[in-house]
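Following: one structure in structure tokens, then a few remarks.
Heavy atoms only: backbone and side chains are in, while hydrogens, waters and symmetry mates are out. Each chain gets a letter, A, B and so on, in the order the sequences are listed, and its residues count up from 1.
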Amino acid sequence: SDSPNGKDEL
Amino acid sequence: MNVFRLAGDVSHLVAIIILLVKIWRSKSCAGISGKSQVLFALVFTTRYLDLFTVFISAYNTIMKVVFLAMSYATVYLIYMRFRNMYDSENDTFRVEFLLVPVIGLSFLENYAFTPLEILWTFSIFLEAVAIMPQLFMITKTGEAESITTHYLFFLGLYRALYIANWVWRYHTEEFFDQIAVVSGVVQTIFYCDFFYLYVTRVLRGKAKMILP
């Protein structure tokens, strides 16, 4: 799942 | 992952590949701001330190490694391999005017006062302005080769698609990353003037984009 501050984005 | 995000990442990848291939095939980096490319390498380096701390997905890891490798390859080509063609006389943007405020802001406005978070925030803020030396160079020389403008177009498209991605994520998963979204919007605004010139000049078959 996604980390709170968008660290799944590049 | 949604279609805007994927298309944004692909645009980003295409932009970087266009630049690398252009430099490699023409054996020249004329008209390319080495300073912008160093700033982008710094952006990737400070943002992707989490490669060592968290695993998000194979896609995430592979893309991060590819972006890092390609940004360093670009810097290598400009400053080492084809440095004779590097247009340093026109690449005169003072990067300290970007770095000092960006470092200051990342200490002031972040999600947690830890080294990794501050560096991540620094990378987000720096990415927002990293293209300025390149745009400054085009303004100074008054022209850009069409391949350079294709590179900038895909870089701007990547930013615009990320905004669509955030709108989508806000509505579907109530996701909202204030630092990334605000800097992302600011970053996209820098490309608007360029987009206009790109559509009105380059897409109408001009070999070069000459500024009015």
Side-chain angles (χ1 to χ4, degrees), chain A, chain B residues 1-2 4-6 8-13 16 43-44 47-51 53-57 59-68 71 109-112 114 116-117 119-121 123-124 127 158-159 161-163 165-166 169-170 172-184:
Chain A
S1 64
D2 301 338
S3 69
N5 45 5
K7 304 248 191 330
D8 64 313
E9 297 187 340
L10 296 164
Chain B
M1 178 67 75
N2 56 65
F4 302 110
R5 163 72 200 284
L6 185 62
D9 288 347
V10 169
S11 294
H12 198 180
L13 201 59
I16 296 172
V43 163
F44 291 136
R47 187 174 309 167
Y48 297 161
L49 290 171
D50 64 353
L51 275 172
T53 58
V54 287
F55 178 79
I56 294 162
S57 66
Y59 171 83
N60 192 276
T61 301
I62 292 168
M63 290 295 267
K64 283 175 175 172
V65 171
V66 167
F67 282 146
L68 275 168
S71 69
E109 182 72 41
N110 50 56
Y111 291 123
T114 60
L116 272 185
E117 281 293 331
L119 285 167
W120 177 85
T121 312
S123 81
I124 295 288
E127 187 184 353
Y158 141 65
R159 293 317 313 181
L161 286 164
Y162 253 70
I163 292 179
N165 155 60
W166 290 324
R169 291 188 72 173
Y170 182 76
T172 56
E173 41 186 299
E174 289 176 38
F175 168 92
F176 180 69
D177 183 331
Q178 188 179 318
I179 290 177
V181 170
V182 172
S183 338

Tell me, yes or no, whether the heavy-atom count around Y59(B) atom OH, taken from other residues, nucleotides or ligands under 6.0 Å, exceeds 12. yes
Might you point out which heavy atoms bring N60(B) and D8(A) nearest each other, and give the distance in Å? ND2-O, 2.9 Å
Check the pair E9(A), R47(B) against salt bridge (Lys or Arg N to Asp or Glu O under 4.0 Å), reporting the backbone distance first and the verdict last. CA-CA 10 Å; E9(A) 297 187 340; R47(B) 187 174 309 167; over 6 Å; no
Residues two or more places apart in sequence or in another chain: which of them pass side chain to side chain donor-acceptor pair (under 3.5 Å) with S11(B)? none
For L10(A) versus R5(B), what's the shortest heavy-atom pair and its separation? CG-NH2, 3.7 Å
Can you name the nearest heavy-atom pair linking K7(A) to E117(B), along with the distance? NZ-OE2, 3.2 Å
